[in-house]
Student: 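Please find one structure pasted underneath; my questions will follow.
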Amino acid sequence: MSVPALKQLDGVLVLHKPGGPTSADCLNQIKRRLGQKKIGHAGTLDPMATGVLVVLLGQGTKLAGYLSDDRKTYRGRLILGQATDSYDVQGKVLSEAPWQHVDPEAVRSEVLGWKGTMSQEVPPVSAAKHQGKPLYALHRAGKEVPVKVKDVTIFDSQLLSMELPSVHFRVTCSAGTYIRSLAHSLGMRLGCGAVLSELEREASHPFTLAQAHSLEAVLESGDRLHELVLPMTQALPHWPKLVLDREQAALVQNGAWLPTSLFPDYPAQEGDRALMLSADQAPLALMEAGMRTGVLSWVILRGLWQA
């Protein structure tokens with residue numbers, strides 16, 4: 001039996017990604033099964049990882065880069081005594097070492113010491129690119145994988161429980177942080193190695209697991225998919241929303257700046273951002289306050305109006 005074609009939806013779908021498939025696999029299933037040809041995401045998860053995957057549909061794909069407040073929260077588990085090429089339990093074992101001598105207080109200190117800004121080594125088995133090719137492709141081809149580092153910030157770290165060699169933790173970090181690398185570097189400092197064995201993204205702020213729908217529920221939703229999708233007007237809950245009159249809306253659609261003084265109920269400062277809506281609540285543009293010819297004005301970051 002053929003599946004009835006569903007119309008393309010616009011908005012954000014908060015998905016609870018299962019362990020196993022890649023993020024791309026999940027999106028491809030939604031694309032094929034539910035006819036959502038225009039689809040993307042706001043930050044991938046490793047195949048092993050579960051949790052919040054922010055899926056963008058239709059016009060929602062224009063929100064990539066603006067959705068998150070650059071903070072993600074993960075709950076994870078690492079195992080001492082081993083090192084792998086991927087920094088997790090799914091990789092090739094490179095070395096094993098006894099862990100029984102490790103002082104639990106040293107582990108506690110290491111986990112709590114993650115806080116702050118640091119340079120992090122990117123796992124050699126990752127989607128990070130070198131000369132246009134992902135590192136995992138170079139690794140699979142048996143080629144030398146260059147060492148790449150990046151600056152990341154850990155806003156908070158917690159030790160949830162510890163029953164060595166197992167360590168259960170939670171971190172809130174900047175987007176792009178490799179939790180696998182945190183586990184790997186901890187193991188290297190303790191002298192016994194460590195690999196990530198579990199990982200769940202609890203939040204891609206402002207979206208949380210409480211809002212997430214399982215992949216199975218999404219695929220089975222059929223023509224009720226729209227009930228699971230946050231519309232464009234709700235896709236940026238952490239942004240203020242300003243309603244424009246017809247004349248102002250026309251100016252925005254022509255690329256004009258709007259002095260912030262036109263909106264006295266929202267006294268903006270330079271760098272503030274807002275979602276502009278038409279009088280009938282249709283999304284028009286993402287805008288940022290900036291100085292233009294000496295006047296603090298709302299300037300378009302991304303147009304959202306339908307042609």
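What's counted below: heavy atoms across the whole structure, side chains too, no hydrogens, waters or symmetry copies.
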Student: Could you check whether any side-chain heavy atom of L67 comes within less than 4.5 Å of a side-chain heavy atom of V12, counting everything from C-beta outward?
Tutor: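 With C-beta onward as the side chain, the pair touches.
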Student: Verify the neighbour count for atom CD of Q100: are there more than 12 heavy atoms of other residues, nucleotides or ligands below 6.0 Å?
Tutor: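 Correct, the count exceeds 12.
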Student: Taking the side chain as every heavy atom from C-beta outward, state whether Q36 and L9 have any atom pair closer than 4.5 Å.
Tutor: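 Yes. Closest side-chain heavy atoms under 4.5 Å.
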Student: Determine whether a donor-acceptor pair (N or O, by modelled atom type, separation under 3.5 Å) exists between the side chain of S166 and the backbone of E163.
Tutor: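 Pair absent, no side-chain N/O of S166 close to backbone of E163.
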Student: To the nearest 0.5 Å, what is the distance between OG on S23 and NZ on K17?
Tutor: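 Interatomic distance, S23 OG to K17 NZ, rounded to 0.5 Å: 5.5 Å.
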Student: Mind checking ring-ring contact (aromatic ring centres under 6.0 Å, His included) for Y74 and listing every partner two or more places apart, or none if nothing turns up?
Tutor: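 None.
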Student: Measure the spacing between CE of M162 and CG of L160 and express it to the nearest 0.5 Å.
Tutor: 11.0 Å
Student: Any heavy-atom pair between the side chains of L56 and H41 that's under 4.5 Å?
Tutor: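 H41 vs L56: side chains apart.
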Student: Under 6.0 Å from the CZ atom of R189, do we count more than 12 heavy atoms belonging to anything else shown?
Tutor: yes
Student: Please list, chain by chain and in numerical order, all residues satisfying side-chain hydrogen bond (donor to acceptor under 3.5 Å, both in side chains) with S278, sequence neighbours excluded.
Tutor: D280
Student: Taking all non-hydrogen atoms of both residues into account, name the closest pair between V252 and W305 and its distance.
Tutor: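 Smallest interatomic distance, heavy atoms only, reads O-CH2, 3.7 Å.
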Student: For the atom pair CG (D10) and CD (Q306), what is the distance rounded to the nearest 0.5 Å?
Tutor: 5.5 Å
Student: Run the side chain to side chain contact (heavy atoms under 4.5 Å, CB included) test on L284 and L277 for me, step by step, so that the C-alpha distance in whole Å, both residues' side-chain angles and the decisive distance to 0.1 Å come before the verdict.
Tutor: CA-CA 5 Å; L284 286 176; L277 305 175; 5.9 Å; no
Student: For A235 versus F207, what's the shortest heavy-atom pair and its separation?
Tutor: O-CZ, 3.3 Å
Student: Show your reasoning for whether side chain to side chain contact (heavy atoms under 4.5 Å, CB included) applies to K92 and T84.
Tutor: CA-CA 5 Å; K92 178 183 177 182; T84 69; 5.8 Å; no
Student: Residues in ring-ring contact (aromatic ring centres under 6.0 Å, His included) with W257, at least two apart?
Tutor: none
Student: List in chain and number order the residues that pass side-chain hydrogen bond (donor to acceptor under 3.5 Å, both in side chains) with D272, two or more places apart in sequence or in another chain; answer none if no residue qualifies.
Tutor: none
Student: To the nearest 0.5 Å, what is the distance between CE (M291) and OG (S297)?
Tutor: 7.5 Å
Student: Is V299 linked to L304 within one hydrophobic cluster, defined over Ile, Leu, Val, Met, Phe, Trp and Tyr using a side-chain heavy-atom separation of less than 4.5 Å?
Tutor: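 Unlinked, V299 and L304 end up in two clusters.
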Student: Determine, stepwise, if the pair Q281 / V243 fulfils side chain to side chain contact (heavy atoms under 4.5 Å, CB included).
Tutor: CA-CA 7 Å; Q281 299 293 304; V243 179; 3.6 Å; yes
Student: Taking C-beta and beyond as the side chain, do N28 and I39 meet within less than 4.5 Å on heavy atoms?
Tutor: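 No; the side chains remain at least 4.5 Å from each other.
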Student: Heavy atoms only: give me the nearest S157-V171 pair and the separation to one decimal.
Tutor: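 Residues S157 and V171, closest heavy atoms: CB-CG1, 4.0 Å.
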Student: Quick one: does R201's side chain get under 4.5 Å of K72's, heavy atoms only?
Tutor: yes
Student: Are Y178 and Q120 close enough that some pair of their side-chain heavy atoms sits under 4.5 Å apart?
Tutor: yes
Student: Please walk me through it: do D46 and R180 pass salt bridge (charged side-chain N to carboxylate O under 4.0 Å, His left out)?
Tutor: CA-CA 10 Å; D46 289 338; R180 289 181 284 152; 2.9 Å; yes
Student: Supply the atom-to-atom distance K38 NZ to K31 NZ, rounded to the nearest 0.5 angstrom.
Tutor: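 These two atoms lie 12.0 Å from each other.
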Student: When the side chains of residues 217-231 are checked against the rest of the protein, which donor-acceptor pairs come out under 3.5 Å, sequence neighbours left out?
Tutor:
unit_1: E220; atom_1: OE2; unit_2: R33; atom_2: NH2; d: 2.8
unit_1: S221; atom_1: OG; unit_2: V218; atom_2: O; d: 2.6
unit_1: H226; atom_1: ND1; unit_2: D223; atom_2: O; d: 3.2

Student: Under 4.5 Å between any side-chain heavy atoms of C26 and P18, yes or no?
Tutor: yes
Student: If you take all heavy atoms of A194 and L186, which pair is closest and at what distance?
Tutor: CB-CD2, 4.4 Å
Student: For S181 versus E121, what's the shortest heavy-atom pair and its separation?
Tutor: OG-O, 2.6 Å
Student: Taking all non-hydrogen atoms of both residues into account, name the closest pair between G40 and T61 and its distance.
Tutor: N-CG2, 3.9 Å
Student: Can you hop from L45 to V89 via hydrophobic side chains spaced under 4.5 Å?
Tutor: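 The answer is yes; both residues are in one hydrophobic cluster.
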Student: Indicate, with yes or no, if F155 and W114 share a hydrophobic cluster defined by side-chain heavy-atom contacts under 4.5 Å among Ile, Leu, Val, Met, Phe, Trp and Tyr.
Tutor: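 Shared cluster, no.
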Student: Do Y87 and L196 sit in the same hydrophobic cluster, where Ile, Leu, Val, Met, Phe, Trp and Tyr count as joined when their side-chain heavy atoms come under 4.5 Å apart?
Tutor: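 The answer is no; the residues belong to distinct hydrophobic clusters.
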Student: Is it true that E202 and R170 have a side-chain N and a carboxylate O under 4.0 angstrom from each other?
Tutor: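 Between R170 and E202 there is a salt bridge, with a charged N closer than 4.0 Å to a carboxylate O.
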Student: Would you kindly confirm whether I300 and L296 end up in one hydrophobic cluster when ILVMFWY residues are joined by side chain heavy atoms under 4.5 Å apart?
Tutor: no
Student: Which residues, ordered by chain and number, are linked to V93 in its hydrophobic cluster, where ILVMFWY side chains connect at heavy-atom gaps below 4.5 Å, directly or through other members?
Tutor: none
Student: As an exercise, state the distance from CG of L258 to CH2 of W298, rounded to the nearest 0.5 Å.
Tutor: 10.0 Å
Student: Apply side chain to side chain contact (heavy atoms under 4.5 Å, CB included) to the pair L209 and H16, showing each step before the final yes or no.
Tutor: CA-CA 7 Å; L209 274 177; H16 190 159; 3.7 Å; yes
Student: Quick one: does V52's side chain get under 4.5 Å of T73's, heavy atoms only?
Tutor: no
Student: Between D245 and E247 (side chain of the first, backbone of the second, donor and acceptor by atom type, cut-off under 3.5 Å), is there such a pair?
Tutor: yes
